[in-house]
Amino acid sequence: MHQLLGVTPPRASDVRKKEVENLAKAAGTAPSDVKKALKFVGFKNVVRDAGESLGVGAERAEAIWSTCSAIAHGDVHNLSFLAREIVGTQGNVNLAKLTGDTNVLLWATDLSVRMLRHGFALYEQAAAKP
């Protein structure tokens, strides 16, 4: 982001990485486990764990996340559950109107909000620990 905006970050990335590693050690992470503890686990795994934690199941949570991702990114191959109407064409690009069952959309939104609330509650719980 700094490069895209043409600004200099407050500190170099290797310096920031070292600061975070030191914070992990200070929080009780064994030095031999720091790299593993700080490794990004991936969005899919986070969503699946959240689904299990909320009692809705990993598969259901991943399906909802994947659906929301498809909608956000216009991935029509994963939007087969939506009704699609071509309302215009320009060259080889179609303008489509997508509609879906409001109950399904409400269910997906409800689970998404529950996951966010749960995530914030876990963050607040962790942040409150001495």
Side-chain angles (χ1 to χ4, degrees):
M1 182 60 76
H2 289 105
Q3 186 179 18
L4 289 172
L5 297 175
V7 296
T8 303
R11 56 196 167 279
S13 61
D14 58 331
V15 171
R16 179 65 182 141
K17 182 178 177 184
K18 189 66 175 166
E19 289 174 347
V20 172
E21 289 172 353
N22 289 337
L23 286 170
K25 291 174 195 172
T29 304
S32 59
D33 294 335
V34 169
K35 287 199 187 311
K36 181 181 176 186
L38 296 177
K39 183 179 181 209
F40 179 61
V41 296
F43 296 119
K44 178 179 170 180
N45 291 327
V46 171
V47 168
R48 292 180 64 83
D49 284 352
E52 286 296 324
S53 181
L54 288 171
V56 298
E59 288 79 18
R60 184 173 288 175
E62 183 182 347
I64 291 170
W65 169 68
S66 181
T67 298
C68 291
S69 177
I71 291 170
H73 298 286
D75 182 2
V76 295
H77 295 92
N78 290 325
L79 297 176
S80 58
F81 63 93
L82 295 176
R84 188 177 350 166
E85 175 189 353
I86 305 299
V87 294
T89 302
Q90 190 172 36
N92 60 355
V93 176
N94 291 327
L95 175 62
K97 176 181 176 183
L98 301 174
T99 56
D101 183 339
T102 54
N103 288 326
V104 172
L105 295 174
L106 177 61
W107 177 64
T109 303
D110 177 61
L111 182 59
S112 299
V113 170
R114 287 174 51 203
M115 284 182 163
L116 286 168
R117 285 185 176 148
H118 184 65
F120 281 120
L122 289 174
Y123 171 77
E124 288 171 1
Q125 190 178 34
K129 290 182 181 176

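By convention here, the first residue in the shown sequence is residue 1.
- Between Leu82 and Gly100, the closest heavy-atom pair is CD2-CA, 3.5 Å.
- Checking Asp110, Val46, Val47 one by one against Met115, the side-chain contact (heavy atoms from CB on, under 4.5 Å) holds for a single residue, Val47.
- No side-chain donor-acceptor contact under 3.5 Å links Asn94 to the backbone of Ala96.
- Of the inter-residue distances, the one linking Leu95 atom CG with Glu85 atom CD reads 10.0 Å to the nearest 0.5 angstrom.
- The closest donor-acceptor contact from the side chain of Glu52 to the backbone of Ala58 lies under 3.5 Å.
- Atom OG of Ser69 sits about 11.0 Å away from atom CD of Glu62, to the nearest 0.5 Å.
- Closest heavy-atom contact between Asp101 and Asn103: OD1-N, 2.8 Å.
- Side-chain atoms of Arg48 and Trp65, non-hydrogen and from C-beta on, never get closer than 4.5 Å to each other.
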Pair up each side-chain donor or acceptor in residues 26-39 with any protein partner under 3.5 Å, not counting sequence neighbours, and list the distances.
from	atom 1	to	atom 2	distance (Å)
Thr29	OG1	Ala24	O	3.1

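- In Arg114, the CZ atom is crowded: over 12 heavy atoms of neighbouring residues, nucleotides or ligands sit closer than 6.0 Å.
- Residues passing the ring-ring contact (aromatic ring centres under 6.0 Å, His included) test with Phe40, sequence neighbours excluded: Phe43.
- When side chains are defined from C-beta on, Leu54 counts as touching Leu111, because their heavy atoms get closer than 4.5 Å.
- Taking a 6.0 Å sphere around NZ of Lys17, one finds it holds 12 or fewer heavy atoms contributed by other residues, nucleotides or ligands.
- Residue Leu122 holds its CG atom at 9.5 Å from CD of Glu124, rounded to the nearest 0.5 Å.
- The nearest pair of heavy atoms linking Cys68 to Ser112 is SG-OG, 4.4 Å.
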